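Following: one structure in structure tokens, then a few remarks.
Each chain gets a letter, A, B and so on, in the order the sequences are listed, and its residues count up from 1. Values in this document were obtained by computation on a predicted structure and should not be read as measured data.
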Amino acid sequence: MVGSNSNIKLRLSIRYLIAIVLLVIMVFPYLYMVLNSLADWSQVDRKLIPTKFTLRSYQWLFTGGETGITRPWIHAFFNSVFVSLVSTALMMMFAIMVAYALAKLKFRGRDSINNFVLFHMFFPAIILIIPNFLIIQKVGLFDTYWALIIPKAMSLWGIFMYTNFFKAVPDAFIEAAKLDGASDFKILYKIMMPMSKSITTVVFLFLLMERWTELLWDMIVVRSDGMLTLNVLLSQMFGPYQAYPGPMYAGAVMLTLPIIILFIIFGKKFQEGMQFNLK
Amino acid sequence: MIEKNNNRLGWLFASPYLIFSTVFFLGPLIWSLYLSFTNWDLISPTYDFVGFKNFTKALGTPGVRSAFWVTYKFMIVFVPIVTAMSLFVAVIVKGLPKLKTVFLIGFFLPYLSSGVVASLIVKGFLSHTSPVQTFLRERLGLDIDWLGGSFSALFVVAMIMAWKFTGYYALILTSGLESIDQEVYEAAAIDGVKDSQRFWKITLPLLYPAIYTTLILSFGATFGIFTEVYQLTGGGPNYATNTWQMEIYSQAFKNLQAGYASAIAIMAAVATFISIFVIRKILEMWGKRNGWV
């Protein structure tokens, strides 16, 4: 081996030091957001690390303070939770179903569908936003939850990930289960799903995060206050609340914290799943 | 063996996708081609066919021209920065005996941010009274209007994106680095490969598949920039950050030019498709020429 023992130790501690400094820099914007949401208003956006704290920004956010105009922050939060969860659940369900067909059921036309999924996935989605908006408007779903959910109920990437994963599962498992008289639904539910835990964590978290932070679509298909997602509401208040950065940071915390907590809870599983799927 | 039963079942399981792609992909695709030849304004019940007028008009406007070039400007700034940063993180973190997962998850957290939140924080950072700006002004005598300058505004948005994507790409690169067998390095050392040549002669060739993935992802990401630009600059100053999505949004939903915006969307899709294709080919040639693939 090259280098002495102490040399290796020194190198390792330098790497740890760099990693910690880098991590602090990368996470600092979040820290800045949280601290500023709690900072005394005289210090918001004036100090790197505020020293005086208050809950005024949160209180202001929910009451509208001296403007007296309240915005539906809590309602928007629950809209976001509802829309993201339902949308992601549908994306997962359909991805699993379709992928099972594409990977494990032999039927006429399967290869064509497989190719079409790839074509669809790599097609620049930018072209679809206007006509999809018009479809929603034409069928009368503008400004409803359906508009936020249905067009976001299918993930090509999800289908792609599950198809690849299911393909790697040996057919013998399925044939054995079929001999025991299990139906395809049962095989999917009892055999394929338990085997796919690692990929399910990864796909679920990616899809949920993407849905949670969507802006453009959520912004154009709803209009009334009661339908806004939290991300859209925060975006809308960017200009009007320009003079109130504290409450804006409080809103940003509301939007960011849940998803970060979720990731930290599932973090280890997520990282293992990523590692697994990258190989 | 194809059973009759499987035929029906296959179509049944695939049907959600087939219905979805008909309604939200094939249909809209045709509709938007049709719209691009009209002058429809999203409101009036009638409209006329204008032939290729939308396309010829679009080519001459600063909005569309900037959208075309801004995407490549973002690439030039964003791709090298994010690649260098994620590679650096990966080299530091790979194979750490302890806390590796904690680091990787920590670096990944920026990826979870909404573009709106990232924009808000950056706006605060760069506001006149902010500690950063005060420091630059009072200590260094620099009074920079970050979002007011053409290049600095583009740079700020590119840096937000680099912040967001570094951890994600680092995750991919770390697992690429860790799949390289340590013995390769030892064998190379015996063969007389110097430490300074190690990266170019061993690491890069073996890491090529992972780097290829992150490069394709990062080039692709530049075509989807919207939120940060919408929030911070509105495409300005003077179209300096006007991306395709921003231009389409402005034309379709602010100016209500549905026909004209559809034409721009088609041009955007064509530009995206060709660019990605060319970039892939170049990356593949780069790998083949060096004998890495």
Side-chain angles (χ1 to χ4, degrees), chain A residues 2 15 18-19 22-23 26-27 29-30 32-33 36 45-48 94 97-98 100-102 105-108 110 113 120 124 126-132 134-135 151 153-154 159 184 209 213 215-216 220 231 234-235 238 245 248 252 255-256 259-260 263-264 267-268 271 274-275 278-279, chain B residues 2 6-7 9-11 13-14 16-17 20-21 24-25 28-29 31-32 35 89 92-93 96 101 103-107 109-110 112-117 120-121 124 127 129-131 163 166-167 171-172 175 179 189 226-227 231 244-245 248-249 252-253 258 261-262 265-266 268-269 272-273:
Chain A
V2 202
R15 274 172 63 196
I18 298 175
L22 267 180
L23 186 62
M26 291 300 269
V27 182
Y30 284 138
Y32 184 84
M33 167 188 80
N36 270 300
D45 277 340
R46 279 162 206 272
K47 284 206 178 269
L48 223 43
F94 290 142
M97 259 178 87
V98 175
Y100 182 69
L102 295 181
L105 296 174
K106 299 182 182 74
F107 62 98
R108 225 166 280 130
R110 183 177 78 168
I113 299 179
H120 189 170
I126 197 167
I127 209 169
L128 303 171
I129 190 140
I130 299 168
N132 279 349
L134 295 173
I135 288 172
M154 189 73 63
I159 295 175
D184 280 280
M209 187 277 299
T213 58
L215 181 69
L216 183 53
I220 59 178
N231 200 35
L234 193 69
S235 162
F238 228 71
M248 284 300 278
L255 181 66
T256 312
I259 203 95
I260 289 198
F263 255 74
I264 289 173
K268 207 167 159 52
Q271 204 256 339
M274 283 295 280
Q275 221 69 319
L278 290 171
K279 261 164 201 160
Chain B
I2 294 190
N6 249 353
N7 245 336
L9 206 65
W11 283 91
F13 271 65
Y17 171 69
F20 182 90
S21 63
F24 292 110
F25 179 53
L29 207 60
W31 198 355
S32 100
L35 278 175
V89 169
I92 294 291
V93 170
L96 284 182
T101 306
F103 281 124
L104 283 175
I105 294 166
F107 284 120
L109 292 181
L112 309 176
S113 69
S114 149
V116 181
V117 171
L120 183 76
I121 296 167
S127 68
T129 57
S130 82
W163 172 69
T166 293
L171 210 55
I172 297 174
S175 99
S179 67
F226 173 74
T227 306
Q231 217 63 256
W244 282 116
Q245 295 221 12
I248 292 165
Y249 170 78
F253 300 103
S262 296
I266 289 168
T272 309
F273 193 81

Original post:
Closest approach of B/A268 and A/I126, non-hydrogen atoms and distance?
Top reply: CB-CD1, 3.9 Å
**OP:** For residues B/Q231 and A/L215, determine if any side-chain heavy atom of one lies less than 4.5 Å from a side-chain heavy atom of the other.
**Re:** yes
Original post:
Please walk me through it: do A/M274 and B/L104 pass side-chain contact (heavy atoms from CB on, under 4.5 Å)?
Top reply: CA-CA 11 Å; A/M274 283 295 280; B/L104 283 175; over 6 Å; no
Subject >> Portion of B/I105 that has a non-hydrogen atom of chain A nearer than 4.5 angstrom >> reply: side chain
**OP:** Specify which of A/V98, A/D45, A/L105, A/N36 makes the most heavy-atom pairs with chain B at under 4.5 Å.
**Re:** A/D45
Original post:
Is chain B contacted by the side chain of A/R15, its backbone, both, or neither, given a heavy-atom distance below 4.5 Å?
Top reply: both
Subject >> Minimal non-hydrogen separation, A/I130 against B/L35, with atom names >> reply: CG2-CD1, 4.5 Å
Subject >> Minimum-distance pair of heavy atoms, taken over all atoms of A/I127 and B/A269 >> reply: CD1-CB, 3.9 Å
Original post:
Parallel, tilted or perpendicular: which fits the ring planes of A/F107 and B/W11, with parallel below 30° and perpendicular above 60°?
Top reply: perpendicular
Subject >> Donor-acceptor under 3.5 Å (A/Y30 side chain, B/L109 main chain) >> reply: yes
Original post:
Do the rings of A/H120 and B/F20 sit parallel, tilted or perpendicular, given the 30° and 60° boundaries?
Top reply: parallel
Original post:
Of all of A/I260, A/L102, A/L234, A/I220, which one pairs up most often with chain B through heavy atoms under 4.5 Å apart?
Top reply: A/I220
**OP:** Please name the pair of heavy atoms, one in B/P131 and one in A/Y32, separated by the smallest distance, quoted to 0.1 Å.
**Re:** CD-OH, 4.4 Å
Subject >> Options A/I259, A/I159, A/I113, A/I264, ranked by heavy-atom pairs under 4.5 Å with chain B, top entry >> reply: A/I113
Subject >> Interface residue of largest heavy-atom contact number with chain B, from A/G267, A/A252, A/A101, A/P29, under 4.5 Å >> reply: A/P29
Original post:
Non-hydrogen atoms of chain B under 4.5 Å away: do they reach the side chain of A/T256, the backbone, both or neither?
Top reply: side chain
**OP:** Measure B/S127 against the heavy atoms of chain A and call it side chain, backbone, both or neither at under 4.5 Å.
**Re:** side chain
Original post:
Checking side-chain contact (heavy atoms from CB on, under 4.5 Å) for the pair A/T213/B/T227: CA distance, chi angles, key distance, verdict?
Top reply: CA-CA 10 Å; A/T213 58; B/T227 306; over 6 Å; no
Subject >> Best-contacting candidate, B/T272, B/T101, B/I248, against chain A by heavy atom pairs under 4.5 angstrom >> reply: B/T101
Subject >> Which residues share a side-chain hydrogen bond (donor to acceptor under 3.5 Å, both in side chains) with A/N231, sequence neighbours left out >> reply: B/S114
Subject >> Which atoms of A/P151 approach chain B - backbone, side chain, both or neither, heavy atom under 4.5 Å >> reply: both
**OP:** With a 4.5 Å cut-off on heavy-atom pairs, point out which of A/K47, A/M33, A/M26 contacts chain B the most.
**Re:** A/M26
**OP:** Mind ranking B/L29, B/L96, B/V93, B/I266 by heavy-atom pairs under 4.5 Å with chain A and telling me who comes out on top?
**Re:** B/L96
Original post:
Can you tell if the side chain of B/F24 reaches within under 4.5 Å of the side chain of A/M154, non-hydrogen atoms only?
Top reply: no
Subject >> Heavy-atom pair of closest approach, residues A/N132 and B/P28 >> reply: OD1-CG, 3.0 Å
**OP:** Considering non-hydrogen atoms only, spot the tightest contact between A/M248 and B/L120 and give its length.
**Re:** O-CD2, 3.4 Å
Original post:
Hey, does the side chain of B/N7 reach the backbone of A/R108 with a donor-acceptor pair shorter than 3.5 angstrom?
Top reply: yes
Subject >> For chain A, the option from B/F273, B/F226, B/F253, B/F25 that forms the most heavy-atom pairs under 4.5 Å >> reply: B/F25
Original post:
By ring pair (Phe, Tyr, Trp, His ring centres under 6.0 Å), which residues pair with B/F103, not counting sequence neighbours?
Top reply: none
**OP:** Check whether any side-chain heavy atom of B/Y249 sits under 4.5 Å from a side-chain heavy atom of A/I129, and report yes or no.
**Re:** no
